[in-house]
Novice: 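Below is a structure I'd like to ask you about.
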Amino acid sequence: MKLTKRICTTAAALITLTSGLAMANDDFLSALALERAQFSPQQAIEKINTNFTGNIVEFELDDHKGKTVYEFEVIDFAQEQINKLKISSDDGTIVKNESKSMTILGVNRLDEEDRQALTALNNSEFDLSSSILELSEKYDSQVIEFELKNEK
């Protein structure tokens, strides 16, 4: 039995939780990787919040050179930057940090819906780290993916 819940918050965040005995292979591998991680998703989020400005709009487990990493996308309106980060689940080392401008030839990469979703997130009291902890405890599950969505 696979139990997948998608939970929408007031900030229009979508979080995927996975628990159960017979999970799909990808979910099982993700859960196993999280179980073996020495550096938790919450610690990775805290590291990003301490070292970068902006909003985390996406989080997922990924593979980088054969190692499990947490992959994040962080959008910083003030700096007009989009950062893609990969943080080692072994020790919290930032193994990849790509930054690009939010504008290309004067045109913003974000459409109006994306900007509205980020504005809603900024105006909310949503805290990704505490939400992951709360959901993990409530559902005895692990968060394996997060993505900001603007669903009306």
Side-chain angles (χ1 to χ4, degrees), residues 2 4-18 23-31 33-34 37-136 139 141-152:
K2 178 181 174 187
T4 300
K5 295 193 180 269
R6 294 192 185 276
I7 300 170
C8 294
T9 70
T10 57
L14 184 68
I15 297 176
T16 302
L17 295 174
T18 302
M23 295 183 251
N25 285 340
D26 287 346
D27 291 345
F28 176 77
L29 292 175
S30 294
L34 282 174
Q38 299 296 309
F39 199 78
S40 73
Q42 290 89 343
Q43 289 173 301
I45 291 165
E46 288 175 27
K47 183 171 190 158
I48 288 174
N49 289 337
T50 300
N51 296 298
F52 296 88
T53 56
N55 297 102
I56 298 171
V57 296
E58 194 171 323
F59 155 74
E60 65 183 336
L61 287 175
D62 199 7
D63 178 55
H64 180 76
K65 298 182 180 179
K67 300 282 186 175
T68 302
V69 295
Y70 305 117
E71 183 176 273
F72 292 91
E73 184 173 324
V74 181
I75 296 181
D76 184 345
F77 271 130
Q79 299 293 320
E80 295 191 358
Q81 293 290 311
I82 300 172
N83 296 299
K84 294 205 179 220
L85 304 158
K86 292 188 178 192
I87 297 178
S88 169
S89 67
D90 289 333
D91 60 9
T93 302
I94 297 174
V95 296
K96 192 170 186 180
N97 179 2
E98 293 178 349
S99 182
K100 62 183 174 185
S101 174
M102 283 178 33
T103 58
I104 246 184
L105 300 172
V107 177
N108 198 312
R109 293 178 193 259
L110 300 179
D111 62 21
E112 185 60 30
E113 287 184 9
D114 290 338
R115 285 193 292 279
Q116 287 176 359
L118 283 169
T119 299
L121 180 63
N122 284 330
N123 293 334
S124 74
E125 294 182 14
F126 179 74
D127 177 52
L128 181 58
S129 187
S130 61
S131 295
I132 287 175
L133 183 61
E134 179 183 337
L135 293 169
S136 297
Y139 295 104
S141 303
Q142 297 171 318
V143 175
I144 59 172
E145 185 176 344
F146 160 86
E147 185 175 355
L148 180 69
K149 294 277 192 186
N150 188 19
E151 296 179 356
K152 296 180 181 183

Novice: Are the side chains of I87 and F39 in contact, using a 4.5 Å heavy-atom criterion?
Specialist: yes

Novice: Taking all heavy atoms of I82 and all of E73, pick out the closest pair and write down the distance.
Specialist: CG2-OE2, 3.8 Å

Novice: D91 versus Q38: any side-chain heavy-atom pair under 4.5 Å?
Specialist: no

Novice: Measuring from atom NZ of K100 to atom CD of E80, what distance do you get when rounded to the nearest 0.5 angstrom?
Specialist: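 It is 14.5 Å, given to the nearest 0.5 Å.
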
Novice: Looking at every heavy atom in both S131 and F126, which two are closest together, and how far apart are they?
Specialist: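 Nearest pair, atom of S131 first, then F126: OG-CE1, 3.3 Å.
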
Novice: Got a second to check how far E145's CD is from D62's CG, nearest 0.5 Å?
Specialist: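 So the gap between those two atoms works out to 11.0 Å.
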
Novice: Taking only Lys NZ, Arg NE, NH1 and NH2, and the carboxylate oxygens of Asp or Glu, determine whether K96 and E98 approach each other closer than 4.0 Å.
Specialist: yes

Novice: As an exercise, state the distance from CD of E71 to NZ of K84, rounded to the nearest 0.5 Å.
Specialist: 6.5 Å

Novice: Please report the interatomic distance CD1(I45) to OG1(T50), rounded to the nearest 0.5 Å.
Specialist: 11.5 Å

Novice: Where do D63 and K86 come nearest, in terms of heavy atoms and distance?
Specialist: O-NZ, 4.2 Å

Novice: Any donor-acceptor pair under 3.5 Å linking the side chain of Q43 with the backbone of S40?
Specialist: yes

Novice: Just how far is it from atom OG1 of T103 to atom CG of N108, taken to the nearest 0.5 Å?
Specialist: 7.0 Å

Novice: Please output the side-chain donor-acceptor pairs of residues 53-60 that fall under 3.5 Å, not counting sequence neighbours, one pair per line with the distance.
Specialist:
unit_1	atom_1	unit_2	atom_2	d
T53	OG1	D76	OD2	2.3
N55	ND2	N122	OD1	3.1

Novice: Nearest heavy-atom pair of A44 and Y70: which atoms, and what distance?
Specialist: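 The answer is CB-CD1, 3.7 Å.
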
Novice: Does the pair K47 and I94 meet the rule for a side-chain contact (heavy atoms from CB on, under 4.5 Å), with working shown?
Specialist: CA-CA 9 Å; K47 183 171 190 158; I94 297 174; 4.0 Å; yes

Novice: Nearest 0.5 angstrom please: E125 CD to S130 OG, how far?
Specialist: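 It is 10.5 Å, given to the nearest 0.5 Å.
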
Novice: Could you report the tightest heavy-atom contact between V69 and S88, atom names first, then the distance?
Specialist: CG1-CA, 4.1 Å

Novice: Less than 3.5 Å apart, any donor N or O on the side chain of S99 or N83 sitting next to an acceptor on the other?
Specialist: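 Per modelled atom types, S99 and N83 side chains form a pair under 3.5 Å.
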
